[in-house]
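Encoded as structure tokens, the structure appears first; notes follow it.
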Amino acid sequence: MDYIKIESKWRKKWEAEKIDSFDKSRTDKKKYVLEMFSYPSGANLHLGHWYNFGLTDVYARLLRMQGYEVFQPMGFDAFGLPAENYAIKTGIHPKDSTEKNIRTMEGQLRNMGASFDWDYEIKTCEPDYYKWTQWLFLQLYKHGLAEEKLAPVNWCPSCSTVIANEQVVDGCCERCGSVVVRKEMRQWFLKITKYADELLEGLDKIDWPEKTKTMQRNWIGKSQGGEVEFDLVGGGSFKVFTTRADTLFGCSYVVLAPEHPLVDKITTDKQRAAIEEYKVRAAQQSDIDRTSTVKEKTGVFTGAYAINPINGRKVPVWVADYVLATYGTGAVMAVPSHDTRDFEFAQKYGLPIERVVASADGSNDDLPFTDYGVAVNSDFINGMKTSDAKTAILERLAQLGKGGAKTTYRLRDWSVSRQRYWGAPIPIIHCPHCGIVPVPEKDLPVELPYDVDFHPSGKSPLAGKESYINVKCPKCGGDAKRDPDTLDTFVCSSWYYLRYPNATNAEKAFDTAWTDKMLPVDTYVGGAEHACMHLLYARFITKALRDMGYLHFDEPFTKLVHQGTILGPDGKRMSKTRGNIINPDDYVSVYGSDVFKMYLCFAFSYTEGGPFSKDGIPSIAKYLDRVERIVTKSIEGKGVKPADGKKVAELEYAVNYTAKCCGADIGNFSFNTAVARLMELTNAMYKYDVADSALFAASETLIKLMAPIVPHIAEELWERCGHTASVLKEKYPECDEKKLIKSEIEVPVQLLGKFKGTVMIAPDADEATASAAALKFLGLESAKKVIYKTGKIINVIA
RNA sequence: GCCCGAAUGGCGGAAUGGCAGACGCGACGGACUUAAAAUCCGUUUGUGGCAACACAGUGUCGGUUCAAGUCCGACUUCGGGCACCA
């Protein structure tokens, strides 16, 4: 078959007929199938795009044939650093390069033959999209979910911008790999931490891969423990957070983070110089140095003392950078006997180490002992199990007014200010009189000016654009300045799935009633690398918008599927440096998109991925040629009455068995087994090998069954079978269970659990019949016991 | 260090606790052909045997069960995530 020719023929026809258009009147049957939209970085679609979009399209086409009204849009996550970095290198404006890349990718996506409805296309870099990103930001601001604060941020010196916690990988910038440093800056934050608990609980209600849910759980990092307030000798107090309140009697010193505001106040004159020096050193360190676990712990005594509220003991106050300012209260109680870090520190600086927990069975007396056990040397909790002791201590602290139960989270607020050009401008005006003034909604969008010097200078590029930055205050009319930063691109992508069904709405970001009908996304497919970024942000934004009354559902993505990673032929991750990158175009241009997609279906377990092997592609073409031959043969026998009833029954069994499995497999993203079943049916048809109406009927079913995977080829063969309407409008074949009933079935016989052979019995044979057949087969008179699982197995215990 | 996954022929990969290796690639054999390609039909986990067959076999070691690739416990290796989170 000339696949290329066939594809262009049908593609033209489908586009002219708008066969993939979403029918708004059928929302009762809607399925919102969404692939994570792509970043238009390179000029071409890569293998990952094909694997994600192409195969999800197979799933979408199945749903359509099953009678659902599928909404499957496509668009581009078009803002972001790569386009800007590319511009800095080449001088080509990010807008120009992005638009060019989008045009190329649109063309390729159309050639993929995927059933996207392009009427709903969105591009996040266009004013009619980012207008609503800005609107979203303003709503968050109005509802107290966006705030500007001075905070330590992750600064990438190479990208000259702040990046989010989630974008720091091993202490380095996720984008460029530079070592990230810590910097105090005024930044906009979205208060995702307000939703920490709900983001955690919501995970139980959604059909997502367990692994991804676990990653989000760990990222949110809920930690239940307690707060303990220590009074300072000489006045004042501070709190520490602990998950091991039961060890409070073993606390021999306390430690503040170098950035803790109390440090300056309590440091004695004698210690001041040493503390100052230590603070400077700590500030200079990058996160990667500072959080290195191999590094020896360091710290300095402040000269101050605090009182342990549980026993009135005076303990020294130290400063050490192993305590993080950004977690808990930025201060810890040190119990060297039961915490490895405190132990190491105490040993180095000669601080007391006193055991207060013993192992329950007395087996382990090494320190530090970090397991749970039984309290010792701890006054009123002596003998209590760790969990009880925790409660007892926290209750006592509550009575004393010195603390109590407390929960903390690892999750931090989401920093969204970026000192870069190619993003959505933050719609805020800073007025010397009125302070922070949001841009009035009627003035949106705040348009991103084209002519800007975006070379890195350590300052936001927009700050240098006078005509942009200088503005009148909307409140008092006086001179004011725009916020010079742009929003993290993850803000753009945190709500795009809401915009798709509303893509043409010029009045609103999205219409509430319509969005409630169309959302949540039924099936969302994309890479697992977004587990703690996009997928968490999107959930947060959905919940925030719900609380503002703009929508009425809790979770944006009901079911989530991650495609696996396709590796290079060498079994390693594809990369330019390894030179093992596979370009799909090399194969698509020869074999066409159907063959290539079917190869991707067949060669991998979808969620696992695996190494690419070009040998599999011609074998799929060979298979489809084989299909063409048997279909052609069957057409000749269209009106011929079948002669052999038994053979027909066998063929019909194969047809119905395939129908039963194929749809279910595609529905489960088990594309490889779906293709295997199609191949089995084809083999059965070759075995049947008589050109008659039974073979023709099998052909028609086979074509329908394979239509979601190879739509062009199926359409061509369907036409050859004499049909004028599209096969894609056919109902997906269902299994006729009656055709699967056989008069006799083959049942395996085991002797003492060991397979010995099979016997033929009626499918509804009772245990006695089955048992007798098995004994006869084994040549036995009797058996101690026979286990018969109907239709499955007969196990004889002799 | 902690938390997840995964491990099955020469290869990609299948198997609701019930015949391990579906389906395909590769390899080998046969048919067709002057020949080759293409096609069609076989064989293909290992060991022993002419054979029927026997034994072994899903990373390792134990366990539960009539029955374990699948469940439980301990470990090994690889992949992913988190990591001085108190």
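Keep in mind that what you see is a predicted model, and the values were worked out from it rather than measured. Numbered from 1 within each chain, the chains take letters A, B, ... in sequence-line order.
In B:G9 the O4'-C1'-N dihedral to the base is within 90° of 0, which defines a syn nucleotide.
Nucleotides B:U58 and B:U45 place their P atoms 16 Å apart, quoted to the nearest Å. A gap of 23 Å separates the C1' atoms of B:C4 and B:A86, to the nearest Å. Here, B:A7 and B:C72 have their P atoms 14 Å apart, quoted to the whole Å. For the C1' atoms, the distance from B:C78 to B:A31 is 46 Å, rounded to whole Å. Look at the C1' atom in both B:G63 and B:C3: the space between them is 26 Å, to the nearest Å. Atom name P, nucleotides B:C55 and B:A68: the rounded distance is 16 Å, in whole Å. Remark: the separation of the P atoms in B:C23 and B:A67 is 30 Å, to the nearest Å. Spacing of C1' atoms, B:A20 relative to B:A56, comes out at 14 Å, to the nearest Å.
Of the nucleotides present, B:A31 is the one that pairs with B:U39 by Watson-Crick or G-U wobble criteria, both distances under 3.5 Å. Nucleotide B:C2: paired with B:G81 (Watson-Crick or G-U wobble, both distances less than 3.5 Å). Across every strand in view, B:C19 sits unpaired, with no contact that passes the Watson-Crick or G-U test at under 3.5 angstrom. The base-pairing partner of B:C55, taking Watson-Crick or G-U wobble contacts with both distances under 3.5 Å, is B:G46. Nucleotide B:A7: paired with B:U76 (Watson-Crick or G-U wobble, both distances less than 3.5 Å). Taking a pair to require two hydrogen-bonding distances under 3.5 Å in either a Watson-Crick or a G-U wobble arrangement, B:U64 remains unpaired.
Atom-to-atom, CE of A:M685 to P of B:C40 comes out at 13 Å; the value is rounded to the nearest Å. In this structure, A:D570 places its CG atom 17 Å from P of B:C11, rounding to the nearest Å. Put simply, CD on A:E210 is 18 Å from P on B:G81, counting in whole angstrom units. Taking atom CG on A:L624 and atom P on B:U39, their separation rounds to 13 Å, with Å as the unit. The distance between atom CG of A:D665 and atom P of B:A22, rounded to the nearest whole Å, is 16 Å. One atom, CD1 of A:I787, and another, C1' of B:C66, lie 3 Å apart when rounded to the nearest Å. Counting to the nearest Å, the C1' atom of B:C23 and the CZ atom of A:F671 are 17 Å from each other.
Across A:Q563 and A:V525, no two heavy atoms sit closer than the pair OE1-CG1, 4.3 Å. Smallest separation of non-hydrogen atoms from A:K633 and A:L695: CG-CD2, 4.5 Å.
A cation-pi arrangement is present between A:K297 and A:Y322, with the terminal nitrogen or guanidinium carbon under 6.0 Å from the aromatic centre and inside a 45° cone about the axis. Because its NZ or CZ atom is not both nearer than 6.0 Å to the ring centre of A:Y657 and within 45° of the ring axis, A:R677 does not count as a cation-pi partner of that residue.
Here A:K572 lies out of heavy-atom contact (under 4.0 Å) with every strand. Residue-level contact check: A:E608 touches neither bases nor backbone, having no heavy atom under 4.0 Å from any strand. Across all strands, A:I797 comes closer than 4.0 Å only to sugar-phosphate atoms, never to a base (heavy-atom distances). A:T242 comes within 4.0 angstrom of the backbone, heavy atoms only, and of no base. Residue A:G226 is out of contact with every strand shown, counting any heavy-atom pair closer than 4.0 Å. Nucleic acid contact for A:Y409: none, since no nucleic acid atom lies under 4.0 Å from a heavy atom of the residue. Note on A:K211: a base of the nucleic acid sits closer than 4.0 angstrom, heavy atoms only. Using a 4.0 Å heavy-atom criterion, one finds that A:N672 contacts the sugar-phosphate atoms exclusively. If you check every strand for non-hydrogen atoms under 4.0 Å, A:G328 touches nothing.
Checking B:G24, B:A86, B:A15 against the side-chain heavy atoms of A:S619 singles out B:G24 as nearest. Listed nucleotides B:G18, B:A86, B:A22 differ in distance to A:F241; the shortest reach to its side chain belongs to B:A86. When distances are taken from the side chain of A:T673 to each of B:A86, B:C84, B:A14, the shortest belongs to B:A14. Each of B:A86, B:C66, B:G13 was ranked by its minimum atom distance to the side chain of A:R341; first place goes to B:A86. Nearest to the side chain of A:Q750, among B:A67, B:A22, B:A56, sits B:A67. Candidate nucleotides B:G18, B:U39, B:C23 were compared by shortest atom distance to the side chain of A:A676, and B:C23 ranks first. Taking the side chain of A:A603 as heavy atoms from C-beta on, and the options B:C82, B:U16, B:G12, the nearest nucleotide is B:G12. Comparing B:C84, B:G80, B:A22 against the side chain of A:Y322 picks out B:C84 as the nearest. Of the candidates B:G13, B:C19, B:A86, B:G13 carries the atom nearest the A:P611 side chain, counting heavy atoms from C-beta on. Closest to the side chain of A:K297, out of B:G81, B:C84, B:A86, is B:C84.
In A:K572, the NZ atom is not crowded: 12 or fewer heavy atoms of neighbouring residues, nucleotides or ligands sit closer than 6.0 Å. Within 6.0 Å of CZ on A:R573 lie no more than 12 heavy atoms contributed by other residues, nucleotides or ligands. For A:K660, the NZ atom sits in a loose shell: 12 or fewer heavy atoms of surrounding residues, nucleotides or ligands are nearer than 6.0 Å.
Proximity of A:R217 to the phosphate of B:C2: no side-chain N or O atom is located under 4.0 Å from OP1 or OP2. Considering only side-chain N and O atoms, A:S605 lies under 4.0 angstrom from the phosphate OP1 or OP2 of B:A14. Remark: A:T243 is not in phosphate contact with B:C85, judged by side-chain N or O atoms under 4.0 Å from OP1 or OP2. A close approach under 4.0 Å does not occur between any side-chain nitrogen or oxygen of A:Y623 and OP1 or OP2 of B:G24. In this model, the phosphate group of B:C23 is not approached by any side-chain N or O of A:N683 to a distance below 4.0 Å at OP1 or OP2. Residue A:R626 has no polar side-chain atom (N or O) positioned under 4.0 Å from OP1 or OP2 of B:A38. At the phosphate of B:A56, OP1 or OP2 sits under 4.0 Å from a side-chain N or O atom of A:K754. Contact annotation: A:R629 side-chain N/O to B:C40 OP1/OP2 distance is under 4.0 Å.
With hydrogens and angles left out, the side-chain atoms of A:R410 and A:S223 include no donor and acceptor closer than 3.5 Å.
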Any chance you could lay out the salt bridge (charged side-chain N to carboxylate O under 4.0 Å, His left out) test for A:K789 and A:E767, step after step, and finish with the verdict?
CA-CA 8 Å; A:K789 291 281 168 194; A:E767 194 162 335; over 6 Å; no

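Between A:Y606 and A:G616, the one whose closest nucleotide on RNA chain B sits nearer the 5' end is A:Y606. Toward the 5' end of RNA chain B, the nearer of the two residues A:S670 and A:V675, judged by each one's closest nucleotide, is A:S670.
Here the side chains of A:V561 and A:P209 are not in contact, with every heavy-atom distance at 4.5 Å or above.
Residue side chain A:R244 does not reach the base of B:A86 through any donor-acceptor N/O pair under 3.5 Å, judged by distance alone.
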